[in-house]
There are 2 protein chains.
Amino acid sequence: MTAADQDRNISSSFAKGLAVLAVFDAETPSMTLAEIARRSGQDRATARRGALTLVQAGYLRQDGRMLSLTPRVLALAGGFLQANQFGRRVQPVLNRHARQMQIEVTLAMLDQGRVLLLAQSTVEHGHVTYGFTAGSHIPLAHTSLGRMLLAGLPEEEAAAGLAETDLPRHTEASLTDPAAILDRVGEARAQGYCLTDSEFEAGITGYAVPVSRPGQTPIVAGCSAPRGQQPEADAERLLRGLQLCAAELRQAEAVDHL
Amino acid sequence: MTAADQDRNISSSFAKGLAVLAVFDAETPSMTLAEIARRSGQDRATARRGALTLVQAGYLRQDGRMLSLTPRVLALAGGFLQANQFGRRVQPVLNRHARQMQIEVTLAMLDQGRVLLLAQSTVEHGHVTYGFTAGSHIPLAHTSLGRMLLAGLPEEEAAAGLAETDLPRHTEASLTDPAAILDRVGEARAQGYCLTDSEFEAGITGYAVPVSRPGQTPIVAGCSAPRGQQPEADAERLLRGLQLCAAELRQAEAVDHL
DNA sequence: TTGACAGCGTTCGCAAAGCGAACATTGTTG
DNA sequence: CAACAATGTTCGCTTTGCGAACGCTGTCAA
């Protein structure tokens, strides 16, 4: 009861339960109650009630002492995707450009100090590396998508956003100095696109361009490919393709109210 | 406290909050508090607390008096998709077969008396009609996917499942007699595939085959296309393609523990 | 073998969280 | 503009759910 008193309008039990649902991510597909409690920073008994409630609601499956998400959570995302007509207005555009560029195209935004993938084109010869999908989180600091997103924020917010995340060394090439990363972000802001090389995955170059209009919540499109023989030619071709894709998404006002 | 006493292990506030989150679907992208309360069958004050909590947690956005889902809900689905390696084990297979068949391929399962789309390939020339995505719900009774799913259940369960849903007449061809629909389901079970014609969308034929092994929770793959000049030839080609796709998914054990 | 221990899931009395009738506020109709 | 209808918000009473405490199970060292 200090300064931040509990708001009578907020249901704390509900908030805690949501935290339980949110701890399930790529690294930990199934967990015990104690693990959930630890990850969500809650008492074991509290986590237990939340988990059991989720089981009853059908969002969680209990298998012995392990708990894991059920496909029903997809329905929650489905509500969002349909509300924003992703199936009609976003996915076809991504697919078409992906086809023309012969590369997988991803749409992303910021979420809690990470990059949240909103949609992904699907094309045959995609060099599948991690197998990210819509809803996946990827790092902010060492990906072209992340830096382009930061570039869409006012400078001080970008610095703040970067400060919130930790900076693991994914590869030898990963920049670890926040100032150096902010330099690259500034560069991306100035030139209207972002390139990264080998900072997240060795040998892979990332490309990203903004989709949202200045002032809106930043949305970006990007792609990644193994570094080829003529990096400059590749970059020019792919960035041109991404710019066309981004322009078309803007035109369709597909991402204006995110 | 009559017979159905409240379980001490279940957090009712949390369950009610989840119900609020779940009312957002394709038909109602944004709602007022009163509408949410009505749809979730809760008191307005209760719905309000749930909604405000969701706003604070970042899953809902408040815009005047309208509330709508934010992209963060995608992260919940992302947890499931990554846990089950959809990006690596399912999506590529669907994409490859879709490419070969030159048609959009969908993976689906049962959820609350409807068909829940789990994943969807995307090809260029897809005749985009509704713009469904992963997480979308489609009707159970009048789609080939739905009937094939019912065929994967024991007969009495299929009948029960069908009884739960209402049977709107989407088109003139929609079967409205439950017994007639169960006949088709039985047929699908017997022959190992399901065809429907114009029952959901006029002029569109749907094709579906089972993916899950007998006894598991039913999972099916399917596709749909405008009825062409040689329906039999189309059916043979598409069903063959779907069977190959389904076999490969089974082989990869991609959907065994759903 | 056994005692001590660490980690897990589960219980229960008490504090506080949230339910919903009642109220305030805003839009709508005759 | 008065009467109404529908929405958003408050507050006292009750129910819910918090977390210390418990029992159980597997693990390690003496």
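Below, chain A is the first sequence line, B the second, and so on; all start at residue 1.
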> With sequence neighbours left out, which residue pairs that include part of residues 35-46 of chain A fulfil the side-chain hydrogen bond (donor to acceptor under 3.5 Å, both in side chains) condition?
Replying inline: A:Ser40-A:Gln42

> Tell me, which of residues 32-45 of chain A have any heavy atom that sits under 4.0 Å from an atom in DNA chain D?
Replying inline: A:Asp43, A:Ala45

> Of all residues at least two apart in sequence or in a different chain, which pass the side chain to side chain donor-acceptor pair (under 3.5 Å) check with A:Arg169?
Replying inline: none

> Between B:Arg48 (CZ) and D:dC11 (P), how many Å, whole number?
Replying inline: 12 Å

> Are any of B:Ser11's side-chain N or O atoms less than 4.0 Å away from OP1 or OP2 of D:dT16?
Replying inline: no

> Does A:Ala134 have any side-chain contact (heavy atoms from CB on, under 4.5 Å) partners at least two apart in sequence or in another chain, and if so, which?
Replying inline: none

>> Please find the pair of heavy atoms, one from B:His142 and one from B:Pro168, that lie closest to each other, and give the distance.
In response: CE1-O, 3.1 Å

>> Taking only side-chain N and O atoms of B:Thr46, does any of them lie within less than 4.0 angstrom of OP1 or OP2 on C:dG20?
In response: yes

> To the nearest Å, how far apart are B:Arg49 CZ and C:dG18 C1'?
Replying inline: 5 Å

>> Nearest whole Å is fine: how far is C:dT10 P from A:Leu67 CG?
In response: 10 Å

> Bend across the helix from C:dT1-D:dA30 to C:dG30-D:dC1, to 10°, with axes taken over 5 pairs at each end?
Replying inline: 30°

>> I need the CZ-C1' distance between B:Phe14 and C:dA17, as an integer number of Å.
In response: 16 Å

>> With nearest nucleotide decided by heavy atoms, which residue, A:Ala47 or A:Asn9, maps closer to the 5′ end of DNA chain D?
In response: A:Asn9

> Rounded to whole angstrom units, what separation is found between the CE atom of A:Met31 and the P atom of C:dG7?
Replying inline: 19 Å

Output side-chain donor-acceptor pairs under 3.5 Å for residues 23-31 of chain A, partner residues at least two apart or in another chain, one line each.
{"unit_1": "A:Asp25", "atom_1": "OD1", "unit_2": "A:Thr28", "atom_2": "N", "d": "3.4"}
{"unit_1": "A:Asp25", "atom_1": "OD1", "unit_2": "A:Thr28", "atom_2": "OG1", "d": "2.7"}

Below 3.5 Å, can you tabulate the donor-acceptor pairs from side chains in residues 60-68 of chain A to any protein atom, sequence neighbours excluded?
{"unit_1": "A:Arg61", "atom_1": "NH1", "unit_2": "B:Leu258", "atom_2": "O", "d": "3.1"}
{"unit_1": "A:Arg61", "atom_1": "NH2", "unit_2": "B:Leu258", "atom_2": "O", "d": "3.3"}

>> Which residues pass the side-chain contact (heavy atoms from CB on, under 4.5 Å) test with B:Arg89, not counting sequence neighbours?
In response: B:Gln85, B:Glu253, B:Ala254

> Do the side-chain N or O atoms of A:Ser12 get closer than 4.0 angstrom to the phosphate oxygens (OP1, OP2) of C:dG18?
Replying inline: yes

>> Applying side-chain hydrogen bond (donor to acceptor under 3.5 Å, both in side chains) as the test, list every pair that has at least one member in residues 147-168 of chain B; sequence neighbours left out.
In response: B:Arg147-B:Glu199

> For D:dT16, does either OP1 or OP2 sit under 4.0 Å from a side-chain N or O belonging to B:Ser13?
Replying inline: no

>> Applying side chain to side chain donor-acceptor pair (under 3.5 Å), can you list everything that pairs with B:Thr106, at least two apart in sequence or on another chain?
In response: B:Gln120

In residues 111-119 of chain A, what donor-acceptor pairs under 3.5 Å come from side-chain atoms, sequence neighbours left out?
{"unit_1": "A:Asp111", "atom_1": "OD1", "unit_2": "B:Arg72", "atom_2": "NE", "d": "2.6"}
{"unit_1": "A:Asp111", "atom_1": "OD1", "unit_2": "B:Arg72", "atom_2": "NH2", "d": "2.9"}
{"unit_1": "A:Arg114", "atom_1": "NH2", "unit_2": "A:His137", "atom_2": "NE2", "d": "3.4"}

>> Using a 4.0 Å cut-off on heavy atoms, which residues in residues 51-60 of chain A reach DNA chain D? List them by number, or say none.
In response: none

>> Can you classify the ring geometry of B:Phe132 versus B:Phe200 as parallel (below 30°), tilted (30 to 60°) or perpendicular (above 60°)?
In response: parallel

